[in-house]
Structure formats: C-alpha cells, structure tokens
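As structure tokens, the structure follows; a few thoughts come after it.
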There are 2 protein chains.
Amino acid sequence: MPVNIGLLGLGTVGGGTVNVLQRNADEITRRAGCEIVVTHASARNIQKQRICNTDTIQLSENPLEVVNNPDVAIIVELIGGDSLSKDLVLNAIANGKHIVTANKALIAKHGNEIFKAAQKQGVMVAFEAAVAGGIPIIKAIREGLAGNRIEWLAGIINGTGNFILTEMRDKGRDFSDVLAQAQRLGYAEADPTFDIEGIDAAHKLTILASIAFGIPLQFEKVFTEGITQITQEDVEFASELGYNIKHLGIARNTDKGVELRVHPTLIPKTQLLANVNGVMNAVLVQADAVGQTLYYGAGAGSEATASAVVADLLDVVRAMSADHKNRVPYLAFQSNALSDMPVLSASEMQTAYYLRMQVEDKVGVLSAISHILGHQEISIEALIQKEPKENETLVNLIIVTQKVLESNMLTALEEIEALSSIHGKVTYIRLEHL
Amino acid sequence: MPVNIGLLGLGTVGGGTVNVLQRNADEITRRAGCEIVVTHASARNIQKQRICNTDTIQLSENPLEVVNNPDVAIIVELIGGDSLSKDLVLNAIANGKHIVTANKALIAKHGNEIFKAAQKQGVMVAFEAAVAGGIPIIKAIREGLAGNRIEWLAGIINGTGNFILTEMRDKGRDFSDVLAQAQRLGYAEADPTFDIEGIDAAHKLTILASIAFGIPLQFEKVFTEGITQITQEDVEFASELGYNIKHLGIARNTDKGVELRVHPTLIPKTQLLANVNGVMNAVLVQADAVGQTLYYGAGAGSEATASAVVADLLDVVRAMSADHKNRVPYLAFQSNALSDMPVLSASEMQTAYYLRMQVEDKVGVLSAISHILGHQEISIEALIQKEPKENETLVNLIIVTQKVLESNMLTALEEIEALSSIHGKVTYIRLEHL
C-alpha cells in the first residue's frame with residue numbers, strides 16, 4: 001500500500017522532492033518495499049509555474065488543509081522560516097503525523113520543543129536535509145559513528161560563504177565584488193546576512209553538535225563571526241604561510257564543556273577540508289574509535305537537498321510500524337539521556353591565531369610585542385615582517401601563534417594596540433590545525 | 001534489559017570491538033536505550049594474551065558453543081576467511097540469531113546464499129565493517145542516498161595498496177622496496193597477494209556495487225588487476241601529465257550493463273580522491289539527485305573497524321523488535337526486487353588510457369602509431385616524447401587517449417607492438433576523469 005505524503009512548499013526544494021520521487025519511483029519502491037507518493041501539497045500561489053509536474057497532486061493554498069488531511073501520513077515541511085513552519089509542524093505532530101523537514105532555523109531554534117511534542121505523540125521528526133544538503137551527515141554521525149565518543153567536528157556548512165572565499169583566493173578578488181557575483185548567480189540571497197554573517201552555519205552547527213555530543217539544541221550559545229571582514233590581503237598572507245581561509249563551524253567536546261563556534265579559520269592547505277572549494281560542503285569528524293572521517297558533497301540545490309528529504313522519507317516509512325522506543329532518537333541520544341554539559345563562553349575557547357598589524361619599521365617594536373604575548377602565555381609559531389612600500393614607514397607584521405585561551409589573546413591585543421608604534425587595529429583570524 | 005553478544009574471534013578487530021563497547025558503554029547505552037554487552041566469545045587459544053579485557057566474557061575455544069548458546073542474541077563474526085566463517089554464520093542464522101560481520105570475502109562470495117537463509121529465518125545480517133573499515137559507506141549508500149539512482153562509484157578501498165602507491169609517488173621509491181616496508185610496518189600481510197593483486201578490493205567492490213545498483217553479489221565477474229606492474233617511471237610520467245596513480249575499484253551503471261573493475265588508474269591531481277594518501281580509504285559516489293558525494297576515513301585498524309561493527313550492533317538492536325519486512329534490506333533493495341542487469345565483460349568496458357612505449361627515435365613512427373589508433377577510433381588527448389638518453393636510440397613515448405572501448409584498445413596495442421620501430425611491450429594504465 002502506498003504511503004501518502006503531504007508537502008508544504010513547492011519551491012526549489014519542494015519541486016526537487018516531487019521530481020526525485022517521481023523520476024526514481026521504481027528504484028525507491030524497490031528499496032522501500034512500498035510506494036511513496038506525494039498526494040497533497042500546499043503553496044502560496046497554486047497557479048504559479050512549477051519546476052515539477054503536479055498533475056497527480058491535490059494542491060491547496062492553505063497549508064492547514066494538508067496538515068489536517070487524514071489521508072496523509074507524513075508531512076514534509078519545506079516552507080522555511082521559523083514562525084509559520086513551527087505552527088504547522090506542531091499542528092501536524094498533534095495530528096499524529098510524522099515530520100520530514102529541511103528547515104535548519106526551525107530545528108536549531110525550536111527543535112527541543114518540537115521533539116518534546118513529537119516524543120509525546122510517538123511520531124518521528126527527520127531533518128537530514130537541514131545540514132549540508134545532500135550529504136548524509138546526520139545519519140553518519142547519529143548512526144554510522146554511534147559506537148564512538150565524538151571529540152570534535154569541523155565543517156564547511158555554508159556554500160555561499162565557501163564560494164566567496166574560494167573566489168577571493170583563486171581570482172584575487174575583493175569580498176564585496178564576489179558577493180555581488182554570488183547574488184547574480186543565485187548562490188546568495190538578496191539579503192545575504194544569514195550566509196555571510198554565519199547565522200545559517202550556526203543553525204547547522206547547533207544541530208550537528210547536539211547529535212554528536214548528546215546535548216540539547218542551544219543555538220543562542222553559538223559564538224558566531226562572519227566573513228565580511230576578510231580582506232584580499234589576509235587571504236594572500238595566509239596562503240604565503242601555507243593556509244587557506246575557510247568559514248568553519250567547529251564543535252569541540254572539552255573537559256570543561258562544549259565549544260560551539262562559527263568563524264573564518266586558517267587551516268593548512270594540505271588538509272582535505274582546505275581543498276573543498278566553491279559551493280561544496282564538507283564535514284570532518286574526529287571520533288575516539290574511528291579517528292577522522294570526512295563527508296563531502298553539495299550543500300544546497302534543488303535535487304541535492306531533495307536527495308536528503310527522500311532518504312528521510314524512506315527511513316520514516318520503514319520505522320512507521322516500529323515501536324517508538326526502538327526508533328533512532330531525534331538527537332541521536334535517547335531524549336531522557338541528553339547531557340547538561342555547559343557550552344563554553346567565547347573567552348573560554350582555545351585556538352591558535354593569525355595576527356596582522358601595521359607597525360612602524362623601527363627597533364624595539366618586535367620586542368615589545370613579544371613581551372606582551374609572552375606575558376599572556378602566547379607562543380609565536382611563525383612571523384613575517386614585510387618590507388615597507390616606497391614612501392611608507394609602516395610595514396605589515398604577521399604573526400601566527402600557538403593555541404591560546406581566547407581571553408588571554410583579547411587582553412594581549414588590547415595591550416598591543418595601545419603601543420605607540422602600532423597603527424590602527426590588529427586584524428585577527430583564528431587558526432586550526434584539525 | 002541488556003542485549004547479549006557472542007563474538008567469534010578475539011584478534012585485532014575482535015579485541016577492538018570489546019574495547020570500544022567497554023570504553024564507550026555509557027554513550028552507547030545513551031544512544032541505544034539499552035546495554036550492549038559481549039557475554040560470550042570464542043578464540044583459537046583462550047590462554048593467549050589479548051589487547052582487551054575479557055574478565056566478564058565467557059570464553060571458549062569452540063565457536064559452536066557461542067553460536068549455539070541460547071543466551072546470545074547477536075553473533076559477531078570476526079574470524080575472517082570464507083570457509084569456517086560461512087558454516088558458523090549459517091549455523092547461527094539457523095539458530096535464529098542476527099549476524100554482524102566484518103568479513104568481505106564471506107559476503108562477496110557467499111552473501112547471496114547467506115541472505116537467502118537469513119531472509120527465511122527473518123534475521124538481520126549487517127556488514128558495514130566489511131568495506132572501508134570505519135567509514136559508514138554501506139549506510140550512506142544504502143540509506144543516505146536511497147532516493148537516488150546511483151550512476152557510478154569509485155573508491156580507494158585497500159589501504160595497503162594506497163600506502164604503497166603514495167610512498168612510490170612521494171619518495172620516488174620502487175614497488176618492491178615499499179612493499180617490504182609495508183610488511184615491516186604490519187600494513188601488509190606476509191602473503192600480500194590479496195592486497196596488491198586487488199582481490200581484497202574486488203571483494204569490497206562487489207558489495208558496494210550490489211547495494212548501489214540492486215544487483216546480486218557477483219564477485220567472480222569483477223575485472224581485477226593489481227599494482228605489481230606499476231613502475232616508478234610511470235608514477236613520474238603520470239605526475240608530469242597532472243595525474244596521480246591510484247588503485248581504484250570502479251562500478252558503473254551503463255545502458256548495456258554494469259562495469260565492475262579494480263585496476264591502477266590515473267586520476268587528475270586536482271580530484272579530492274587523488275589526495276587520499278597513505279593507508280586512508282575514500283569512496284566517491286555519483287548519484288542522479290545529489291551529484292557527487294565523497295566519504296573518507298580509516299579503512300582498517302583495530303578500533304576503526306570496531307567502530308563499524310558497533311554501529312551495526314546498534315542498528316540491529318534497534319531493529320530487532322521490528323517486523324522483518326520493515327527492516328533495511330540486506331543489499332539495500334528488497335530481496336525480491338534485485339535486478340538481473342548483466343555485468344559487462346572486460347572487452348565491453350570503456351575508459352581512457354595512459355600508454356608508454358619504447359620507440360626508435362626516427363621519422364614516421366608517430367604517424368604509424370597515430371594511424372593504428374585512429375583506425376580503432378581512439379583519439380589522442382596528450383602526448384609526450386622524451387629525449388633519448390645518451391648513447392641510446394630508443395625514447396619513451398607517452399600517450400594519453402580519450403575514452404575508448406577496451407576491445408578496440410587491445411586490438412590497437414597488438415598492432416602497435418607488431419611495428420618494427422616499437423621495442424618490447426606497451427605499458428598501459430587506465431585513466432578516469434571521474
């Protein structure tokens with residue numbers, strides 16, 4: 001007997017989901033053992049031209065009609081945002097329907113509440129498509145690495161940001177220039193804030209950290225820094241030192257608590273992660289038994305995201321008849337076994353640093369800087385002092401430090417900036433060896 | 001209530017499995033919702049010193065005692081080989097026990113028979129550890145990409161072979177020299193045939209192809225070529241042309257049937273796969289909806305392999321209470337829905353080629369070779385003719401062709417070798433752009 005799906009949203013991902021389910025219907029049925037059919041869907045304007053064929057789908061402009069339809073067993077939420085989508089999902093759960101969603105903001109911000117409601121109703125909520133598009137990273141961490149204690153993970157989980165940084169490096173172009181191009185190509189939204197300020201990546205990191213460490217979703221505690229301050233100059237100096245700059249989401253399980261941070265990061269060029277270019281995504285996971293594993297693929301796009309949605313549908317269809325307690329838990333760990341490990345504040349985080357500053361080209365400057373760093377227990381790993389340009393007395397001084405407590409670095413930076421031979425602010429970018 | 005596990009084999013992987021289950025017992029219980037405990041185990045000599053603590057395990061030198069023990073719900077087979085292990089697994093299945101195994105030879109050669117018996121008994125057989133060690137590649141293809149039609153996959157799935165090729169490239173060393181080192185380091189067995197002749201990779205490719213395309217296991221139809229013929233000279237010429245040589249397992253779904261082949265392959269250096277070095281494994285998958293995804297990690301080792309075994313244990317424990325028809329099928333597709341697509345013979349395969357030959361340095365040679373290639377519809381993509389060494393009249397001629405039918409290439413090679421200006425055999429290595 002076919003399983004009936006109700007789709008909320010018929011845009012890029014919704015249309016892709018319909019296309020994949022229709023085109024691969026045979027293969028999917030051979031895998032699932034039953035047909036999976038979109039029977040109902042809602043869209044804001046059902047007259048609009050679509051990328052998919054909706055002839056066999058009952059369309060409605062009222063999503064509640066889909067959510068309340070007794071013929072529908074699983075609701076696929078592809079509206080986005082975290083207000084209307086939240087109401088609809090909670091409504092569907094109350095109606096005893098299982099949920100599949102690609103909505104990272106919804107899960108990162110309201111997942112705890114949604115899972116609680118779902119647990120009460122004994123329904124599943126699957127969200128593979130919410131992180132890294134078509135890469136089955138949720139499944140890999142939640143099930144594939146289930147025997148491990150996960151130590152840390154680091155991911156390129158925003159394709160727009162990675163496209164911008166890749167173009168800046170490969171073509172020597174400026175941030176704003178590449179951003180404008182990304183918008184023309186449709187990679188970046190008209191309002192690109194979520195991508196370039198790291199909010200989208202923070203949503204995804206929140207989810208990855210929860211399933212990796214077994215902690216509740218805590219989006220508000222993610223330290224988030226965007227890529228808008230990255231200059232062509234820093235990209236070049238980083239390269240000279242053997243690093244690429246990537247916008248990473250990093251979650252680390254330390255003795256003192258969990259680090260959750262999204263920021264531009266220098267990583268050695270020899271790392272696979274440093275060679276993940278353009279709009280591609282990848283997540284590197286360090287776990288105690290398996291060591292490092294890496295997962296790479298398209299982080300966005302109509303059918304890449306639909307691939308994850310359909311995989312979730314197969315999982316949900318298979319587990320529908322199972323007792324709820326035998327299903328894979330929402331956040332990988334049993335709901336009553338989540339840990340209350342603290343999330344560290346920014347000042348408690350530890351990382352190495354790349355520093356660039358404009359200094360007067362005279363004796364004693366380097367010694368003063370070294371003294372300040374030494375006093376904060378910051379060791380220097382590498383240092384480049386550039387020749388002054390013609391008619392200039394200021395030179396670029398670049399320092400790479402070893403791992404240091406963030407609060408010590410902030411103190412040192414304040415003291416360095418107060419030196420009379422230092423002009424302007426010190427540029428600092430975090431650096432990880434992974 | 002704890003689930004009791006019976007372990008056959010307490011060597012590298014068996015010991016690792018005990019260690020991981022014991023060390024991560026808390027995390028595993030938090031994930032699974034119940035304890036997973038090794039209560040019984042067999043080993044050839046139970047007095048032997050072990051890498052794991054066996055104090056709480058009832059040991060026996062007779063594996064049948066474990067297989068027949070009514071207290072054991074799941075048998076983990078880690079003996080290796082495909083004779084005794086097959087008997088024990090079939091015996092355990094007949095006793096209604098679920099199976100987890102890391103044994104690629106067993107699954108590749110006897111999987112069809114084993115799954116048939118298991119299907120009849122309604123028990124699970126899980127084998128994530130059989131391919132690419134700790135990388136959850138079986139799960140990714142079988143479940144994570146379940147919405148896709150998989151077009152092809154290409155993998156570095158033998159760590160020993162990859163270690164040898166990496167050392168040859170990076171250190172300019174000879175094959176036999178590096179092999180001896182690999183044996184000293186414990187990467188290669190005393191009899192390294194399975195690794196260097198591609199048999200181990202062919203076992204794994206057989207399994208990957210089945211779950212990717214939904215075809216029965218057909219190990220005997222895999223075209224298999226080892227790396228023993230790769231010379232330092234070819235590694236260097238390949239590099240000069242922009243390629244690394246990797247020992248790949250390739251499975252391709254074509255209109256005419258399935259290509260299954262293991263052979264040394266030139267791939268462009270810019271590919272992520274070309275930068276998977278040392279003993280690491282990686283599998284690149286091309287699927288219609290998601291595009292390319294790549295999975296990277298340790299392909300062998302005590303705890304890396306144990307990671308996959310334990311992940312399988314969690315899956316099996318969760319699905320134990322489910323109706324058999326709702327479980328993930330053994331080979332990703334329902335047992336009654338496997339396809340009878342033919343596996344192509346070697347002569348029907350299509351690939352590009354790297355050719356190296358010793359030619360007399362005189363007019364007309366190149367034209368004769370071009371004529372032969374052209375007659376077989378083989379286009380030349382690149383060509384290097386080396387200067388003759390001092391006091392030598394023979395030069396190395398290297399040709400990279402475009403994609404060609406293997407049978408045409410073999411005809412062309414025969415004709416080229418018959419030319420009087422060509423000395424010796426033509427060295428040929430396949431080349432893929434992926």
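The chains referred to below are lettered A, B, ... by the order of the sequence lines, with proteins before strands, and numbering in each begins at 1.
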Checking B/L314 against chain A: side chain, backbone, both or neither under 4.5 Å from a heavy atom?
side chain

May I ask you to test the A/V3-A/V37 pair for a side-chain heavy-atom distance under 4.5 Å?
no

Just so I understand: if I count every heavy-atom pair under 4.5 Å between each of B/A322, B/S321, B/G301 and chain A, which residue has the most?
B/S321

Can you confirm whether A/S210 sits close enough to A/F115 that some side-chain heavy atom of one is under 4.5 Å from a side-chain heavy atom of the other?
no

Under a 4.5 Å cutoff for heavy-atom pairs, which residue among B/G297, B/G144, B/A298 has the most contacts with chain A?
B/G144

Side chains of A/E128 and A/P136: closer than 4.5 Å at any heavy-atom pair?
yes

Structural part of A/A287 lying under 4.5 Å from a heavy atom of chain B:
neither

Do the side chain of A/T101 and the main chain of A/E77 share a donor and acceptor less than 3.5 angstrom apart?
yes

From B/K269 NZ over to B/Q271 CD, what is the distance, rounded to the nearest 0.5 angstrom?
14.0 Å

How long is the span from the CG atom in A/D323 to the CZ atom in B/R318, to the nearest 0.5 Å?
13.5 Å

Shortest non-hydrogen contact from B/L10 to B/L7?
CD2-CD2, 3.8 Å

Counting heavy-atom pairs under 4.5 Å to chain B, which of A/L338, A/T293, A/V310, A/D315 comes out on top?
A/T293

A/N275, part contacting chain B, at a heavy-atom distance under 4.5 Å
both

Could you look at B/I138 and say if it's the side chain, the backbone, both or neither that has a heavy atom under 4.5 Å from chain A?
neither

Counting heavy-atom pairs under 4.5 Å with chain B, the top scorer among A/R31, A/E303, A/K139 is A/R31

Among A/A32, A/A306, A/G133, A/A319, which residue has the highest count of heavy-atom pairs closer than 4.5 Å to chain B?
A/A32

Would you indicate whether the side-chain heavy atoms of A/L153 and A/I141 approach each other to under 4.5 Å?
yes

May I ask you to name which of B/N336, B/L294, B/L284, B/D312 has the most heavy-atom pairs under 4.5 Å with chain A?
B/L294

So B/K246 and B/T166, do their side chains get closer than 4.5 Å, heavy atoms only?
yes

Verify side chain to side chain donor-acceptor pair (under 3.5 Å) between A/T29 and A/E35, making sure each step is shown before the conclusion.
CA-CA 5 Å; A/T29 304; A/E35 286 177 71; 5.4 Å; no

Neighbours of chain B found in residues 13-25 of chain A - heavy atoms under 4.5 Å:
A/V20, A/R23, A/N24

In Å and rounded to the nearest 0.5 Å, what is the CG to CD1 distance from B/L273 to B/I267?
4.5 Å

Note, A/N253 side chain near A/W152 side chain (heavy atom, < 4.5 Å):
no

Among the listed options B/E143, B/R142, B/Q292, the residue most often paired with chain A at heavy-atom distances under 4.5 Å
B/E143

Report the residues that fulfil side-chain hydrogen bond (donor to acceptor under 3.5 Å, both in side chains) with A/Y243, sequence neighbours left out, ordered by chain and then residue number.
none

Working to the nearest 0.5 angstrom, can you tell me the gap between A/Y295 OH and B/Y295 OH?
9.5 Å

Return the option, out of A/G134, A/C34, A/A289, A/S302, with the maximum number of heavy-atom pairs under 4.5 Å with chain B.
A/A289

Main-chain N/O of A/I157 paired to A/K204 side chain as donor or acceptor, under 3.5 Å
yes

Are A/V317 and A/I74 close enough that some pair of their side-chain heavy atoms sits under 4.5 Å apart?
yes

What parts of residues 276-283 of chain A touch chain B if we use heavy atoms and a cut-off under 4.5 Å?
A/M280

Counting heavy-atom pairs under 4.5 Å with chain A, which one of B/L313, B/L145, B/I36, B/D26 comes out on top?
B/L145

Which atom names give the shortest non-hydrogen contact between B/D288 and B/N148, and what distance separates them?
OD1-CA, 3.4 Å

Is A/T305 close to chain B through its backbone or its side chain, or both, or neither, when contacts mean heavy atoms under 4.5 Å?
neither

Those residues of residues 324-334 of chain B, ordered by number, that approach chain A below 4.5 Å (heavy atom to heavy atom)
B/N326, B/R327, B/V328, B/P329, B/A332, B/F333, B/Q334

Going by heavy atoms in the side chains, are A/N244 and A/R169 under 4.5 Å from each other?
yes

Over all heavy atoms of both residues, which pair between B/L217 and B/I207 is shortest? Give the atoms and the distance, please.
CD2-CA, 3.9 Å

